[in-house]
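Please read these numbers as outputs of a predicted model, since none were measured by experiment.
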Amino acid sequence: MTKEALYLLLISSALFSFFFISIIVIWFFRYFSESATSQLKKQLEEVFTSYFYTENKNKRTIVQKLNKIVGKSARKKELFINIVINHDADFIHTHHEQLMNIYELTGTKAFLLKRLQSNSVHIQSLACRHLGELQLRDTTASILTLISSKNNDVIYNMMLALAKLGDLEGLVHVLTYDSQNMNLSHRAIIEIISAFDGSKEELFRQTIDRSDDYMKGILIKAVADYSIEGLSEHYIKYLNSEDKNLRIASIRALSELNNPDYEASMLTKLDDHDWEVRAAAAKGLEKIGTKNSLADLGKTTGDSVWWVRHHAASALVLIPGGIAYASRIIDGDDKFARDAVISVIEMTS
C-alpha cells in the first residue's frame with residue numbers, strides 16, 4: 001500500500017468514526033432531552049391539576065410550586081401554557097376566574113404581553129394565539145397594537161385571538177381597517193368569523209356597510225350557514241350588486257334560510273348576465289322553490305351553459321310537481337333542455 005493510500009484510509013476512518021460518534025451523541029442528547037421534557041410536563045400537569053382540588057387556603061402554595069418549576073424559562077412557560085390549552089375550551093371557560101388568577105400569579109399574562117412586542121413575527125403570532133386560547137380577555141388592546149403588521153401570519157392570529165376573546169369592536173375595526181390590502185384568503189377570514197365568541201348577527205351588521213364588496217361577500221358566506229333570518233334584507237339588497245361573487249354569496253345565503261318567501265327574489269337571478277349567478281340561483285331554488293318556480297326553471301333548462309341547465313333540471317325534478325312538468329320538456333323540441341332533464345332523472349332514479 002502506498003503512503004498516499006494509507007493517508008486516505010486513515011482520513012476516511014477518522015471521518016467515519018467522527019460521524020458515527022456524532023450520531024450516537026445526538027441520539028443520546030435527544031433521548032435524555034425528550035425524557036426530561038416528558039417528566040417536566042408530567043410534573044407541571046400534576047401540580048396544575050391539583051390546584052382545582054385544593055382548598056382555597058392552600059392554593060397559594062400550589063401557585064408557588066408552579067412558579068418554582070417554571071421559573072423564568074420561556075420554554076417551561078410555553079410548556080405550561082400548552083398544558084392549560086390541552087384541557088380544551090370548555091375547561092378554560094368553566095374555570096375562567098381561577099385561571100385568570102393563575103395567569104397573574106405565575107406571570108403567564110405578563111410573559112405573553114411582552115412577547116407581543118417581540119421582533120420575531122413567529123413569537124408575535126404565537127403570543128396572539130395563546131392569548132386567545134387562554135381567554136385573556138383584558139388583553140385585546142395590546143393585541144390590537146399589531147394591526148399595522150405586514151405579516152399575514154401575525155394579522156391572522158391577531159384576528160383569531162380577537163374573535164376567540166369575543167371582542168366585537170376590535171374585530172369590526174380590523175375587518176374594516178384596510179380590507180383592500182388584507183392578504184388573507186377568504187377561507188381564513190371565514191374561519192375567524194366562525195370562531196367569534198359572540199353574536200354573529202351583530203358582527204355582520206356592524207361590519208357589512210363599512211366593508212368593500214370583497215369583504216361583504218366573505219361576510220355573507222361566513223354567516224350563511226347559521227341561517228339567520230334577520231339578515232335576509234341584506235342578502236336581498238346585494239342580489240343586485242355589480243360584483244358577481246357578492247350576488248352569488250347572497251343567493252346561497254338566501255337558499256340556506258329554507259324560506260319560500262324569498263323565491264321571487266331568487267327567480268330574478270335566473271336571467272342574470274353571468275352564468276355562474278344563473279347556476280347558483282337554479283341550485284338555490286332546490287331548497288326554496290315551489291310550483292311557482294316550475295315555468296322559469298323549465299325555461300332555464302335550455303340555457304346556453306351546461307352547468308346552468310344541469311342545476312335548473314335538478315331543481316325542477318326535486319320540487320313537488322316538477323316531474324310532471326319535466327315530462328313536457330322531454331317531449332319538447334329543445335334538445336339541450338331535454339338532455340339536461342333526462343340526465344338528472346337518470347341520476348336520481
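Remark: D339 engages K335 in a salt bridge, criterion side-chain N to carboxylate O under 4.0 Å. A salt bridge links D138 to K109: one of the charged nitrogens lies within less than 4.0 Å of a carboxylate oxygen. Between R278 and D303 there is a salt bridge, since a side-chain N of the basic residue sits under 4.0 Å from a carboxylate O of the acidic one. The pair E276-R247 does not count as a salt bridge, with every side-chain nitrogen at least 4.0 angstrom from each carboxylate oxygen. Electrostatic pairing of E45 and K41 does not count as a salt bridge here, judged by no charged N lying under 4.0 Å from a carboxylate O. Between K269 and D272, at least one side-chain nitrogen of the basic residue sits less than 4.0 Å from a carboxylate oxygen of the acidic one, meeting the salt-bridge criterion.
The distance between the ring centers of F111 and Y103 does not fall below 6.0 angstrom.
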Q) Yes or no on side-chain hydrogen bond (donor to acceptor under 3.5 Å, both in side chains) for Q43 and Q39, after CA distance, side-chain angles and deciding distance? A) CA-CA 6 Å; Q43 185 181 15; Q39 290 178 4; over 6 Å; no
Q) Between T106 and T108, does a side-chain hydrogen bond (donor to acceptor under 3.5 Å, both in side chains) hold up when you go through it step by step? A) CA-CA 5 Å; T106 59; T108 302; 2.7 Å; yes
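I190 and K221 get closest at one heavy-atom pair: CD1-CB, 3.9 Å. Taking every heavy atom of both residues into account, S232 and Y262 meet most closely at OG-OH, 3.2 Å. Across every non-hydrogen atom of Y177 and S148, the tightest pair is OH-OG, 3.6 Å. Across all non-hydrogen atoms, the minimal contact from L116 to C128 is CD2-SG, 3.7 Å. Listed here is the closest heavy atom pair of I251 and A280: CG2-O, 3.4 Å.
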Show the atom names and distances, to 0.1 Å, of all donor-acceptor pairs under 3.5 Å that link a side chain in residues 166-175 to residues at least two apart or in another chain.
residue : atom : partner : partner atom : Å
D167    : OD1  : G170    : N            : 3.1

List the atom pairs, donor and acceptor, that lie under 3.5 Å between side-chain atoms in residues 156-163 and the rest of the protein, sequence neighbours left out.
residue : atom : partner : partner atom : Å
Y156    : OH   : E191    : OE1          : 2.9
Y156    : OH   : E191    : OE2          : 2.8
N157    : OD1  : R129    : NE           : 3.1
N157    : OD1  : R129    : NH2          : 3.0
N157    : ND2  : D153    : O            : 2.9
N157    : ND2  : D153    : OD1          : 3.3

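Donor-acceptor pairing under 3.5 Å is lacking for the side chains of Q117 and R115. A donor atom on one side chain and an acceptor atom on the other are not found under 3.5 Å apart for Y51 and N58. A donor atom on one side chain and an acceptor atom on the other are not found under 3.5 Å apart for S149 and Q124.
Looking at heavy atoms from C-beta onward, H87 lies out of side-chain contact with H95 at the 4.5 angstrom threshold. Between L254 and L257, some side-chain heavy-atom pair lies under the 4.5 Å cut-off.
Open room surrounds NZ on K65; 12 or fewer heavy atoms of other groups in view lie less than 6.0 Å from it.
Under the 4.5 angstrom side-chain criterion for Ile, Leu, Val, Met, Phe, Trp and Tyr, the cluster partners of W275 are V305, W306, W307, V308.
Within the cation-pi definition used here (under 6.0 Å to the ring centroid, within 45° of the axis), K164 does not qualify as a partner of F196.
A side-chain contact (heavy atoms from CB on, under 4.5 Å) with M100 is found for one member of H96, Q98, E104 and no other, namely H96.
Under the 4.5 Å side-chain heavy-atom criterion for Ile, Leu, Val, Met, Phe, Trp and Tyr, L79 and L126 are members of distinct hydrophobic clusters.
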